[in-house]
Enquirer: 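The structure that follows is given in the form of structure tokens.
Quick note on labels: first sequence line is chain A, next is B, and so on, each numbered from 1.
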Protein chains: 2
Amino acid sequence: MTESAGNGRDAEAVSRFVESFAAHLVEAGMPRMPARVFAALLSSDEGSMTSAELGDQLRISPAAVSGAVRYLAQTHMVSREREPGSRRERYRVHGEQWYEALTNREAVLKRWESALRDGVSSLGADTPAGRRMAETLAFFEFLDGEVAALMARWREHRKKTFGTD
Amino acid sequence: MTESAGNGRDAEAVSRFVESFAAHLVEAGMPRMPARVFAALLSSDEGSMTSAELGDQLRISPAAVSGAVRYLAQTHMVSREREPGSRRERYRVHGEQWYEALTNREAVLKRWESALRDGVSSLGADTPAGRRMAETLAFFEFLDGEVAALMARWREHRKKTFGTD
DNA sequence: CGCTTCTTTCAGAAATTTGTGAAGTTAAGG
DNA sequence: CCTTAACTTCACAAATTTCTGAAAGAAGCG
């Protein structure tokens, strides 16, 4: 049997997956440590781990965990919660909502739109470059509306498929 | 008047916009030089520039232009074209299609799905972590289908708004 | 063919990013 | 309060990335 402890998981395979998944996140622009920590959390059965568990599994210092977790919390990909009656903290992935956060660029889209508006006026609304910028702006505005609707459809779809709501 | 040459553009303002737009791209995960080059191209009236023009405007070496352009070409954000009867090359943004490229993750989505499938089997389809992974996978598969439809709606919307097709 | 103009490659310098150990801070539990 | 467990911050060393100058490589043009 390839399983180590009685935890019902092949630690080797899980670790490989964690690292490979983290690599994808890195490629998508996430810093290395946050990516590894996030992948580890996502692969945990509880969906949450303590700082010590993370440092232990990933072989990184408490400082690295701290930095990674700060990043993840700021970008709303994990939440921190205090273990009652202990100075231990748990970091948790919002179960099925993390990828919603990924697409829920809300604020991000707004910043892009604002930057593009600046562009249109810097370039001149009546120039070819300005028009190109205006069209890009229109695309983002369009996206803005579509994303919300798309996520609504997903929740519907998920409920039908998983019964999870 | 704040315009310098007779080119009808406030070079200062345009440059500021180029740098600020590039900064957004960097934040979104694009390397610095490609981002700056891309922003410059996007802000040009012709939608295309030569290597020399780019190096000149951005104050970077030919080597840097070369590297940036290679990146952009590989990711399909610009195309290279030879100026007929010259060894000069022009780099061009695909007008209104660059942001389609941004969303047209096609291959990217497939890679994620494949990684997630690995995850489900590494974690065990019957474990909590495995189920979480399976649901994420379902989300990406869902996205896959939605993105195409969304872009179709955009083209429709664009035609109505800009008459550009 | 060789000259010339442009682009690419490459090795290395410079800057940036990353992760650590160690000291510092906070808060639980006596 | 004091002790101690846990997390955070900070300065720095190490690794990585980024950009350049220089040299080599194409390709038009005579």
Side-chain angles (χ1 to χ4, degrees), chain A residues 15 18-19 22-41 44 46 48-75 77-93, chain B residues 15 18-19 22-41 44 46 48-75 77-93:
Chain A
S15 173
V18 166
E19 296 304 332
H24 278 269
L25 289 166
V26 168
E27 194 185 1
M30 191 182 298
R32 178 177 304 275
M33 279 296 129
R36 297 182 67 207
V37 166
F38 186 71
L41 286 171
S44 70
E46 299 75 22
S48 78
M49 297 173 84
T50 65
S51 179
E53 290 168 345
L54 285 166
D56 191 50
Q57 176 176 336
L58 299 174
R59 310 298 219 74
I60 58 181
S61 70
V65 174
S66 177
V69 155
R70 177 176 35 189
Y71 177 97
L72 292 170
Q74 274 173 354
T75 55
M77 302 194 64
V78 311
S79 62
R80 343 161 63 107
E81 39 189 69
R82 188 62 84 154
E83 257 180 5
S86 156
R87 59 240 89 164
R88 223 168 241 149
E89 202 143 9
R90 293 195 77 80
Y91 307 111
R92 149 162 287 125
V93 291
Chain B
S15 173
V18 165
E19 296 304 333
H24 277 270
L25 289 166
V26 168
E27 194 185 0
M30 190 182 300
R32 180 176 302 278
M33 280 293 132
R36 296 182 66 208
V37 165
F38 186 72
L41 286 171
S44 70
E46 298 76 20
S48 79
M49 297 172 84
T50 65
S51 177
E53 290 168 345
L54 284 166
D56 192 51
Q57 175 177 337
L58 300 174
R59 308 301 218 73
I60 58 181
S61 71
V65 174
S66 177
V69 155
R70 178 177 35 194
Y71 177 97
L72 292 170
Q74 275 173 353
T75 55
M77 303 195 63
V78 311
S79 62
R80 342 161 63 109
E81 40 188 67
R82 190 61 87 152
E83 260 181 2
S86 157
R87 57 240 93 167
R88 223 167 243 151
E89 204 145 5
R90 294 195 78 82
Y91 307 110
R92 151 160 288 126
V93 291

Enquirer: Identify whether any heavy atom of Tyr91(A) sits under 4.0 Å from a base atom; if not, whether one sits that close to sugar-phosphate; answer base, sugar-phosphate or nothing.
Expert: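 Here Tyr91(A) touches the backbone only, sparing every base.
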
Enquirer: Run the salt bridge (charged side-chain N to carboxylate O under 4.0 Å, His left out) test against Glu83(A) and tell me which residues pass, sequence neighbours left out.
Expert: Arg90(A)

Enquirer: How many whole angstroms separate atom CZ of Arg90(B) from atom C1' of dC6(C)?
Expert: 14 Å

Enquirer: What pairs of donor and acceptor atoms, side-chain ones from residues 23-40 of chain B against any protein atom, are under 3.5 angstrom apart with sequence neighbours left out?
Expert:
unit_1	atom_1	unit_2	atom_2	d
Arg36(B)	NE	Glu19(B)	OE1	3.1
Arg36(B)	NE	Glu19(B)	OE2	3.3
Arg36(B)	NH2	Glu19(B)	OE2	3.0
Arg36(B)	NH2	Leu58(B)	O	3.1

Enquirer: Please state whether the phosphate of dT7(C), meaning OP1 or OP2, lies under 4.0 angstrom from any side-chain nitrogen or oxygen of Arg80(B).
Expert: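 Indeed not, no polar side-chain atom of Arg80(B) lies that close.
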
Enquirer: Would you confirm whether Arg92(B), through its side chain, and Val78(B), through its main-chain N or O, come within 3.5 Å as a donor-acceptor pair?
Expert: no

Enquirer: Round to a whole Å and report the spacing from CD of Glu89(B) to C1' of dG28(D).
Expert: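 These atoms are roughly 14 Å apart.
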
Enquirer: Can you measure Arg70(B) atom CZ to dC19(D) atom P for me and round it to whole angstrom units?
Expert: 13 Å

Enquirer: Could you go step by step and tell me if Arg87(B) and Arg82(B) meet the side chain to side chain contact (heavy atoms under 4.5 Å, CB included) rule?
Expert: CA-CA 7 Å; Arg87(B) 57 240 93 167; Arg82(B) 190 61 87 152; 3.8 Å; yes

Enquirer: Using a cut-off of strictly less than 4.0 Å, decide whether Ser51(A) has a side-chain nitrogen or oxygen near OP1 or OP2 of dC7(D).
Expert: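 Answer yes for this pair, as a side-chain N or O of Ser51(A) is under 4.0 Å from OP1 or OP2.
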
Enquirer: For each nucleotide in nucleotides 12-30 of chain C, reading 5' to 3', give B when a protein heavy atom comes within less than 4.0 Å of its base, S when such contact involves only the sugar-phosphate, and - otherwise.
Expert: -------SBB------BS-

Enquirer: Would you check, one step at a time, whether the test side chain to side chain contact (heavy atoms under 4.5 Å, CB included) holds for Tyr91(B) with Leu54(B)?
Expert: CA-CA 9 Å; Tyr91(B) 307 110; Leu54(B) 284 166; 3.9 Å; yes

Enquirer: Run the side chain to side chain contact (heavy atoms under 4.5 Å, CB included) check on Gln57(A) and Val18(A) step by step: do they pass?
Expert: CA-CA 10 Å; Gln57(A) 176 176 336; Val18(A) 166; 4.1 Å; yes

Enquirer: Find the distance Leu58(B):CG to dC19(D):C1' and express it as a whole number of Å.
Expert: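 Spelled out: CG on Leu58(B) to C1' on dC19(D) is 13 Å.
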
Enquirer: dT5(C) C1' sits how many Å from Glu83(B) CD, rounded?
Expert: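 Those two atoms, CD and C1', are 13 Å apart.
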
Enquirer: Can you measure Arg88(B) atom CZ to dT4(C) atom C1' for me and round it to whole angstrom units?
Expert: 13 Å

